[in-house]
Amino acid sequence: MLYIGIDLGTSAVKLLLLDGEGVIHNVISREYPLEFPQPGWSQQDPEDWLRAVMEGIPQLMEGFDAGQVAGIGCGGQMHGLVVLDRDDRVIRPAILWNDGRTAKEVEYLNETVGREELSRRTANIAFAGFTAPKLLWMRENEPGLFGRIEKIMLPKDYINYRLTGVHCTDCSDASGTLLLDVEHRRWSEEMLELCGVREEQMPRLFESYEPVGQLTPEAARRLGLPETVIVCAGAGDNAAAAVGTGTVGEGACNISLGTSGTVFISSERFGVDPHNALHAFAHADGRYHLMGCMLSAASCNKWLMEDILKTKDYAGEQADISLDRLGRNRVFFLPYLMGERSPVNDTNARGAFVGLTMDTSRADMLQAVLEGVAFAIRDSLEVARALGVDVRRSKICGGGARSDLWRTIVANVLNVCLEVPASEQGPGVGGALLAMAACGLYSSVEDACRMLVRTAGTVEPDPALAARYEGRYQIFKKLYPALKEVFPSINSCK
């Protein structure tokens, strides 16, 4: 049998076709636009996602027997606010995970409601990207539209709804709404009341590996698939990527270098970072995880390469950065192009190059970007280490992880051994593995991972290079505190 994995990303959807042995038979990608209507705002039309999926799956299946497709699983960008009216029509563009318009609402939640109270209710504090602050923003700034809301969903849930007719979500994705009682895996009545919404407006909760339904006749016709295809609840992209890399069970770690960057640590038990610098979420395997998320990771490299240097020759540009240059760069980069989440939680933070001189080269600046992202990932890893989590090995995935150079930098900045999965398609593979569990091919997510996830290679840190990067990281740690009070003034400039 065949299984379709959907990776609903920020800039494109990636679709892949796996068989029950974990062999990827086809992969396609379809892009869609991203809107920035004001500085710091980020939104998309959910119909663009739907169109990409509905047109992409028939393309994915060209040359394959559609009758062999048993299940579909989706991993999707988290936190995005999708709102539907009583006719199940999209009311407004989805406000995305990297949108920073909710600074006022985040301050209200964290300072007036209180961090301790939010953590008690949801295991997390408010971040600008979370869904609850967006609902408060919409209630304040778009009351007419807010009053029309009949259903509240997350991005991948809208796709699942259009495939099955079921208003659904999963616990991993719902964890990032600030509306879920994560420990007990149920909607928080207190948070729903605070945001002015009713539980019947929320989608039904499932575990990621549970089937939510089968394809509707219309969806089956448009996709050219049997109506018997099972659609599972799926997962937030980071939890799906963790499944796709085999990051399940106690203490397993995955680092993602995608549009955003994450440190994902799975756990058998529920636990909360007392300082709330890391998110405490449900995992797609039915358990829990801690996660640090930076808003701009591989997107920093894309910005420098394509918007500033006007080139797409990523490998060619990195070729000028020889190994002997690593750990010796005097240029630093703060990767806060969209503000920042973990661990600083500052919507005012902005990107910055520090240490430029007349002899600074193009390669120095590119190296600084790659290193800056690695340093910011280490910020989250250091929080985990302070909690007693001993991370010595980690999987690594995401578009940025295709770079040998970047993997070497990350391994030595973090001083951990990186395991490179055989497949680069983390969230898509994870979605397909969840679909296999939903269809009963494997008895659990862990069994599917154990049988199908393979490692292509490892990157070991070099003690001398790790020591040099240790000194550079100590400098990097001083930069944000030094600039923190400057950022609001910069952002208020007309």
Side-chain angles (χ1 to χ4, degrees), residues 245-247 251-258 261-265 292 294 297-298 300-301 304-305 314-335 353-355 360-386 388-424 426 454-479:
T245 60
T247 307
C253 182
N254 182 53
I255 293 165
S256 176
L257 283 178
T262 59
V263 175
F264 185 110
I265 302 170
M294 57 183 295
C300 291
N301 191 32
L304 180 68
M305 292 288 294
Y314 286 75
E317 292 289 334
Q318 292 184 18
D320 291 333
I321 304 174
S322 56
L323 292 179
D324 64 298
R325 296 167 58 107
L326 301 186
R328 294 187 168 92
N329 198 3
R330 291 175 294 175
V331 180
F332 292 82
F333 175 71
L334 290 180
F353 282 103
V354 179
T360 295
S361 67
R362 182 180 180 122
D364 290 332
M365 297 181 72
L366 174 57
Q367 182 177 337
V369 168
L370 303 181
E371 291 172 339
V373 171
F375 289 142
I377 287 175
R378 178 167 168 181
D379 280 345
S380 287
L381 188 62
E382 288 301 309
V383 175
R385 286 169 169 162
V389 180
D390 185 16
V391 176
R392 301 188 183 187
R393 303 182 72 85
S394 176
K395 306 292 177 62
I396 187 168
C397 68
R402 299 188 192 113
S403 164
D404 291 338
L405 173 65
W406 212 348
R407 291 198 302 257
T408 298
I409 290 171
V410 172
N412 285 281
V413 167
L414 273 54
N415 197 18
V416 299
C417 174
L418 298 179
E419 299 177 355
V420 183
S423 171
E424 301 173 350
R454 304 172 181 89
T455 298
T458 59
V459 183
E460 296 279 356
D462 173 78
L465 179 53
R468 290 202 301 271
Y469 269 129
E470 179 64 32
R472 290 299 196 266
Y473 175 67
Q474 296 306 319
I475 297 172
F476 176 86
K477 285 172 55 178
K478 300 176 183 178
L479 298 181

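Since we're looking at a predicted model, the values are computed, not measured. As a basis for the values below, the full set of heavy atoms in this structure was taken, side chains included, without hydrogen atoms, waters or symmetry mates.
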Between [X] and [Y] (side chain of the first, backbone of the second, donor and acceptor by atom type, cut-off under 3.5 Å), is there such a pair?
X      : Y      : result
Arg393 : Glu419 : no
Arg472 : Arg468 : no
Gln367 : Arg325 : yes

| query | Is there a side-chain contact (heavy atoms from CB on, under 4.5 Å) between Leu366 and Asn301 once you walk through the steps? | reply | CA-CA 8 Å; Leu366 174 57; Asn301 191 32; 3.3 Å; yes

Rounded to the nearest 0.5 Å, how far apart are [atom1] of [X] and [atom2] of [Y]?
X      : Y      : atom1 : atom2 : value
Ile265 : Asn254 : CD1   : CG    : 10.5 Å
Asn412 : Tyr473 : CG    : OH    : 15.5 Å
Ile396 : Thr247 : CD1   : OG1   : 11.5 Å
Cys397 : Arg402 : SG    : CZ    : 10.5 Å
Ser403 : Leu370 : OG    : CG    : 6.5 Å
Arg385 : Asp390 : CZ    : CG    : 8.0 Å

| So Val391 and Leu414, side-chain contact (heavy atoms from CB on, under 4.5 Å) or not? Walk me through it. | CA-CA 9 Å; Val391 176; Leu414 273 54; over 6 Å; no

| message | If the threshold is 4.0 Å, N to carboxylate O, is there a salt bridge linking Asp364 and Arg330? | response | no

| Is it true that Glu371 and Arg378 have a side-chain N and a carboxylate O under 4.0 angstrom from each other? |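 Answer for the salt bridge query: no.
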
Can you give me the closest heavy-atom contact between [X] and [Y], atom names plus distance?
X      : Y      : result
Ala298 : Leu257 : CB-O, 3.7 Å
Pro335 : Gly372 : CG-O, 3.7 Å
Met365 : Thr360 : CG-CG2, 3.8 Å
Asn329 : Ala368 : ND2-N, 3.4 Å
Val373 : Met294 : O-SD, 3.8 Å
Pro421 : Thr245 : CG-CG2, 3.7 Å

| task | With sequence neighbours excluded, tell me which residues meet ring pair (Phe, Tyr, Trp, His ring centres under 6.0 Å) with Phe333. | result |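 For Phe333 the ring pair (Phe, Tyr, Trp, His ring centres under 6.0 Å) partners, ignoring immediate neighbours, are Phe353.
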
| message | In terms of relative ring orientation, are Phe375 and Tyr469 parallel, tilted or perpendicular, with 30° and 60° separating the classes? | response | perpendicular

| Mind checking whether Val410 and Arg407 have side chains closer than 4.5 Å, heavy atoms only? |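 No, their side chains stay 4.5 Å or more apart.
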
| task | Would you check, one step at a time, whether the test side-chain contact (heavy atoms from CB on, under 4.5 Å) holds for Ile321 with Leu326? | result | CA-CA 8 Å; Ile321 304 174; Leu326 301 186; 4.0 Å; yes

